Amino acid sequence: MQDTTRTVPDAARVHAEDLGRFVSASPSSYHAAAETARRAQEAGFTRLTETDVWEVTPGGRYVVVRDGSAIAFVVPPTAGPRTPFSILGTHTDSPGFKLKPKPTTGRGGWVQAGVEVYGGPLLNSWLDRELELAGRVVTRDGAEHLVRTGPFARIPQLAIHLDRSVNDGLTLDKQRHTQPVLGLGEVSEHDVLGELAARVAGGAVDPADVLGYDVVVADTQEPRAFGARGDLWASGRLDNLLSTHSALTALLAAEPDALTGVAVVAAFDHEEIGSESRSGAAGPFLADVLDRVSRSLGASGEDRHRALAASLCISSDVGHAVHPNYPERHDPANQPVAGGGPILKINANQRYTTDAHGAATWQAACDAAEVPTQEFVSNNTIPCGSTIGPITATRLGIRVVDVGVPILSMHSARELTAVVDPWYLMRAMGAVLVR
């Protein structure tokens, strides 16, 4: 087992603190895509719009947003029609709750927000936390506005005096027990949409002009380091803003002259619910962008096929560190530890896409970056989930390697990792871009 008690490098702490700022700026996938684009533009990237003609040139840096997804890419100065792509794939959404139509509800003198479960959250982890509503609203003129409320709501747990057996097993009904409270009084006295309209980024809008919205619930507690040596990192939405931040940081730090291909960060929405959307990994977004880049570089159909055949995607999503209280839930021989570096995900049934060539490429990148790495494979009796990896491999026919950072409390409102591991992941990703 690797030593996880070593001093955390200052650079790892700086990276973690910036991860915290990224997470805090991204309470929803729409905010995450906007923050990705903002950081890229601040670094000199050109913002592209899908309805415009693209003029992508060698040496250029670009970013484009589709709903809650963002793709940023750097074209090497020497790029030509058959230049391959080096892709870092992640996702921007996290498990939780999404605001329903007719969202203002309540009873017993409490005003509540009507929400629907999104993905597979650990429901009990959302209890007794100060939560916010965040996402986008679309107004009558077709304009899209980001919105967030700040601390606004709470899902209160039933007191133990009213459920004496609660510590023998908590069961939450997804409809009856997960609707957050947000105020006192009669339902008729409150308007959740009105509250959202009053908090639109850049200025309030008329609630009557809000004709559509995609709004989720997010935890408001700030990310932070803690622990006996300050080597632990707790945050909401590490799944999967951790990977998105590491990928973007690696891309922004990459020297265009050193790239071996067109360097791409593809951060998709809707991974937690299957990726089947216009902005999900199963949709056409990445294929559309790669095709437009190839065409701009003068590629024929044959050239594009050759470029994709030489391309690589690193699919990065958080994975499971060995849980000290449940070690039997893990494979007995492959037990990744927090602080031991990013994990290479392997699955015989292709729930993860890593193969021998991909594993060799990843090990070489970690060696070049002087980063430790470790393998993850599931206990045979506990099948693993999946990622954007198999979807991307199927969609584009390119080699994909599944990796991640080991964490605890996956799908909790507040997840846990080692301070050093996101930094390790970023460095390994950077080595992939210049492999």
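Because the structure is a prediction, the values reported are computed rather than measured.
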Indicate yes or no: does [X] engage [Y] in a salt bridge with an N to O separation below 4.0 Å.
X: Arg13; Y: Asp10; answer: no
X: Glu116; Y: Lys98; answer: no
X: Asp288; Y: Arg292; answer: no
X: Asp206; Y: Arg140; answer: no
X: Glu35; Y: Arg38; answer: yes

Are [X] and [Y] close enough that some pair of their side-chain heavy atoms sits under 4.5 Å apart?
X: Asp291; Y: Arg304; answer: yes
X: Pro156; Y: Leu127; answer: no
X: Phe85; Y: Leu290; answer: yes
X: Leu344; Y: Phe376; answer: no
X: Trp423; Y: Leu425; answer: no
X: Arg148; Y: Arg199; answer: no
X: Val318; Y: Met410; answer: yes
X: Thr387; Y: Ser316; answer: no

Closest heavy-atom pair and its distance - Gly68, Thr92: O-OG1, 2.7 Å

What is the minimum heavy-atom distance between His190 and Val111, and which atoms define it? CD2-CG2, 3.3 Å

Applying side chain to side chain contact (heavy atoms under 4.5 Å, CB included) to Arg229 and Val8, what does each step give before you reach the verdict? CA-CA 9 Å; Arg229 294 182 175 86; Val8 177; over 6 Å; no

Go through the steps to decide whether Asp214 and Tyr30 satisfy the test side chain to side chain contact (heavy atoms under 4.5 Å, CB included), and finish with yes or no. CA-CA 9 Å; Asp214 294 301; Tyr30 307 101; 3.4 Å; yes

Please lay out, stage by stage, how Ser165 and Asn167 fare under the test side chain to side chain donor-acceptor pair (under 3.5 Å). CA-CA 6 Å; Ser165 64; Asn167 288 328; over 6 Å; no

Looking at [atom1] of [X] and [atom2] of [Y], how far apart are the two atoms once the value is rounded to the nearest 0.5 Å?
X: Ile155; Y: Asn124; atom1: CD1; atom2: CG; answer: 11.0 Å
X: Gln41; Y: Arg47; atom1: CD; atom2: CZ; answer: 5.5 Å
X: Cys313; Y: Arg399; atom1: SG; atom2: CZ; answer: 12.5 Å
X: Arg66; Y: Ser277; atom1: CZ; atom2: OG; answer: 9.0 Å
X: Asp219; Y: Arg129; atom1: CG; atom2: CZ; answer: 5.0 Å
X: Asp331; Y: Ser378; atom1: CG; atom2: OG; answer: 8.5 Å

Do [X] and [Y] have side-chain atoms, one donor and one acceptor, less than 3.5 Å apart?
X: Glu272; Y: His411; value: yes
X: Tyr62; Y: Thr57; value: yes
X: Asp269; Y: Ser69; value: no
X: Thr244; Y: Thr90; value: yes
X: Ser243; Y: Asn240; value: yes
X: Thr373; Y: Trp362; value: yes
X: Ser24; Y: Glu222; value: yes
X: Ser315; Y: Asp317; value: no
X: His270; Y: Asp67; value: no
X: Thr139; Y: Asp209; value: no

Determine the interplanar angle of the Phe97 and Trp126 rings, folded into 0 to 90°, and report it as parallel if under 30°, tilted if 30 to 60°, perpendicular if over 60°. perpendicular

Decide yes or no on side chain to side chain contact (heavy atoms under 4.5 Å, CB included) for Val419 and Leu232, but give the supporting numbers first. CA-CA 5 Å; Val419 169; Leu232 303 178; 5.7 Å; no

Does NZ or CZ of Arg107 fall inside the cone over Trp110's six-membered ring, less than 6.0 Å from its centre and within 45° of the axis? no

One pair to check against side chain to side chain contact (heavy atoms under 4.5 Å, CB included): Lys345 and Val403. What are the steps and the verdict? CA-CA 5 Å; Lys345 298 180 177 182; Val403 305; 5.9 Å; no

